[in-house]
Protein chains: 2
Amino acid sequence: MKTPNRRFKDEIYDQFSRIGKAVSSPKRLELLDILCQGERTVEILANETCLTIANTSQHLQVLKNSRLVEQEKKGLYVVYRPAPMVCQFLLSLRKVAENRIAEIEQIKNRFLEGKKGMEPIALDALIDRIQKQEVILLDVRPEEEFRAGHIIGALSVPLKELEFMLTKLPKDKEIVAYCRGPYCVLSVDAVLLLNEKGYHAVRLEEGVQDWHARGLSLASGQSPS
Amino acid sequence: MKTPNRRFKDEIYDQFSRIGKAVSSPKRLELLDILCQGERTVEILANETCLTIANTSQHLQVLKNSRLVEQEKKGLYVVYRPAPMVCQFLLSLRKVAENRIAEIEQIKNRFLEGKKGMEPIALDALIDRIQKQEVILLDVRPEEEFRAGHIIGALSVPLKELEFMLTKLPKDKEIVAYCRGPYCVLSVDAVLLLNEKGYHAVRLEEGVQDWHARGLSLASGQSPS
DNA sequence: ATATTATTCAAGCAATTAGTTGAATACTAA
DNA sequence: TTAGTATTCAACTAATTGCTTGAATAATAT
């Protein structure tokens with residue numbers, strides 16, 4: 001191959017690989033996943049990922065240099081946000097990974113094994129039962145995420161507040177809890193707590209993003225409580 | 001965050017990052033791109049990428065371990081092929097990169113600058129003109145790739161044979177050459193050669209994959225020459 | 001068998017990367 | 001101005017990666 005052509009290809013693939021490098025670190029993938037739930041400050045991201053602040057900041061610089069996140073200074077804080085198309089790309093990566101890497105299913109099963117209420121739920125049946133008010137649908141993510149978009153008919157009960165809201169929930173009705181998606185464990189903890197306290201709770205594996213990706217509509221704003 | 005949950009997340013993101021690591025190397029991206037045109041042996045891949053055989057083999061092992069390629073022993077050769085969904089994922093990565101990384105456009109422009117016939121072509125107008133036989137559409141990829149799928153109405157004239165086929169082409173009709181896509185240079189070289197010899201040739205940037213991704217149909221099998 | 005060919009393996013080097021720590025910077029509030 | 005807070009930078013270490021070289025393996029042909 002002629003050398004100017006080779007040079008061109010090398011330069012082009014070097015650029016493409018910037019995206020690949022950005023998503024080659026598990027911690028950066030986790031950061032991106034969180035950012036796809038809504039913008040965050042460095043400190044919050046550090047907390048959620050169990051990284052030091054400096055380390056988080058460095059990962060964010062890497063993501064910024066590969067143009068996968070944007071930053072904005074808001075007063076004392078720096079707020080990061082995913083760039084357009086990034087969340088979609090991440091979904092595509094996740095889909096390939098789930099499809100190709102058998103270990104993912106294994107890890108999930110090992111984690112959920114022995115826990116009650118973790119069986120997958122059929123979506124269409126669920127939609128039906130929500131409308132008929134046969135079940136109570138709980139969104140156990142932090143309230144701001146609920147406000148940014150949630151499944152129609154869901155109640156916002158952040159995991160942290162669930163303990164104190166127990167009295168308001170009926171023991172005779174089935175409770176379905178959901179959060180960010182299959183790899184978010186907020187709903188797992190919620191279901192465990194509820195079942196322990198004598199409620200009948202199950203987990204909806206799909207999160208808002210998956211819900212939306214299936215063409216199902218979301219609501220946003222305050223919960224009509 | 002509770003440690004079993006943290007452990008779960010770390011394990012899950014470790015698995016996701018296997019896909020990211022696989023596409024974090026420019027050479028592996030190039031290998032995958034080539035494989036998405038059809039299966040190849042190690043030697044051919046090494047030739048096309050200007051890598052040593054051993055190095056190519058190692059990259060392929062990495063891709064195999066992240067489940068992005070599959071291999072099959074055929075006699076003396078080992079044939080590699082992309083796993084299902086991989087080509088689609090690659091398209092998604094390319095799309096993000098093109099959209100977010102301005103350098104890509106710059107590199108492309110710098111490479112094409114000063115070369116005749118490289119201006120982008122409007123697709124719908126082209127389709128029309130092909131049907132009316134106002135232009136001749138050349139597929140300048142190796143013949144086996146043409147056979148695997150090509151744009152309807154195209155003639156298979158691999159770049160290597162173009163030189164010896166010149167006499168069969170009319171000088172008064174516009175010639176449109178295409179190959180694998182925006183970053184494949186076969187059609188660039190074809191157009192340069194044709195224009196040098198007095199033909200009126202332009203390059204179609206889109207390749208078969210892009211063509212297909214836009215919902216336009218392809219033909220396969222022999223050229224009706 | 002023996003030779004040949006395509007591919008993989010193993011060892012080693014240079015370059016890169018993830019993470020830590022402590023200092024520097026940038027903004028806000030008193 | 002000063003003090004306090006959020007973030008980034010700089011220097012360093014340990015681990016990983018990309019690539020090379022030469023040997024080992026596996027299938028085929030003589």
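Naming: A, B, ... by sequence-line order, numbering from 1 per chain.
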Charged N-O contact under 4.0 Å between [X] and [Y]:
X        : Y        : result
A:Arg40  : A:Glu145 : yes
B:Arg6   : B:Asp10  : yes
A:Asp189 : A:Lys160 : no
A:Arg100 : B:Glu70  : yes

Measure from [atom1] on [X] to [atom2] on [N] and round the result to the nearest Å.
X       : N      : atom1 : atom2 : result
B:Gln61 : C:dA10 : CD    : P     : 11 Å
A:Tyr77 : C:dT28 : OH    : P     : 11 Å
B:Ile53 : C:dT5  : CD1   : C1'   : 10 Å
A:Leu63 : D:dT7  : CG    : P     : 16 Å
A:Arg28 : C:dG19 : CZ    : P     : 8 Å
B:Glu39 : C:dT7  : CD    : P     : 13 Å
B:Leu60 : C:dA6  : CG    : C1'   : 13 Å
A:Asn65 : D:dC9  : CG    : C1'   : 14 Å

A:Gln88 atom CD, neighbour heavy-atom count above 12 within 6.0 Å: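 No, the 6.0 Å shell around CD holds no more than 12 heavy atoms from other groups.
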
Touch class at under 4.0 angstrom, heavy-atom based, for B:Thr41 against every strand present: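 Sugar-phosphate: the residue B:Thr41, judged by heavy atoms under 4.0 Å, touches backbone atoms but no base.
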
Phosphate-side-chain proximity, B:Gln71 and C:dT8, N/O vs OP1/OP2 below 4.0 Å: yes

N/O (side chain, B:Tyr80) to phosphate O (OP1/OP2, C:dA6) under 4.0 Å: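 Answer no for this pair, as no side-chain N or O of B:Tyr80 is under 4.0 Å from OP1 or OP2.
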
Flag side-chain contact, heavy atom, 4.5 Å: B:Val62 against B:Arg28: yes

Main-chain N/O of B:Leu186 paired with B:Arg141 side-chain donor or acceptor, under 3.5 Å: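 No, the answer is negative, given that no donor and acceptor are paired below the 3.5 Å cut-off.
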
Interface residues of residues 11-22 of chain B with DNA chain D (non-hydrogen, below 4.0 angstrom):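 Within residues 11-22 of chain B, the residues near DNA chain D are B:Lys21.
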
Sugar-phosphate or base contact per nucleotide [nucleotides 19-30 of chain D; S, B, -; heavy atom under 4.0 Å]: BBB-----BS--

Could you list the donor-acceptor pairs under 3.5 angstrom formed between side-chain atoms of residues 49-57 of chain A and any protein atom two or more places apart in sequence or on another chain?
unit_1	atom_1	unit_2	atom_2	d
A:Thr49	OG1	A:Leu45	O	2.7
A:Thr49	OG1	A:Ala46	O	3.4
A:Thr52	OG1	A:Asn55	N	3.1
A:Thr56	OG1	A:Thr52	O	2.8

B:Tyr13 and A:Tyr183 aromatic centres sub-6.0 Å: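 Distance test on ring centres: not under 6.0 Å, no.
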
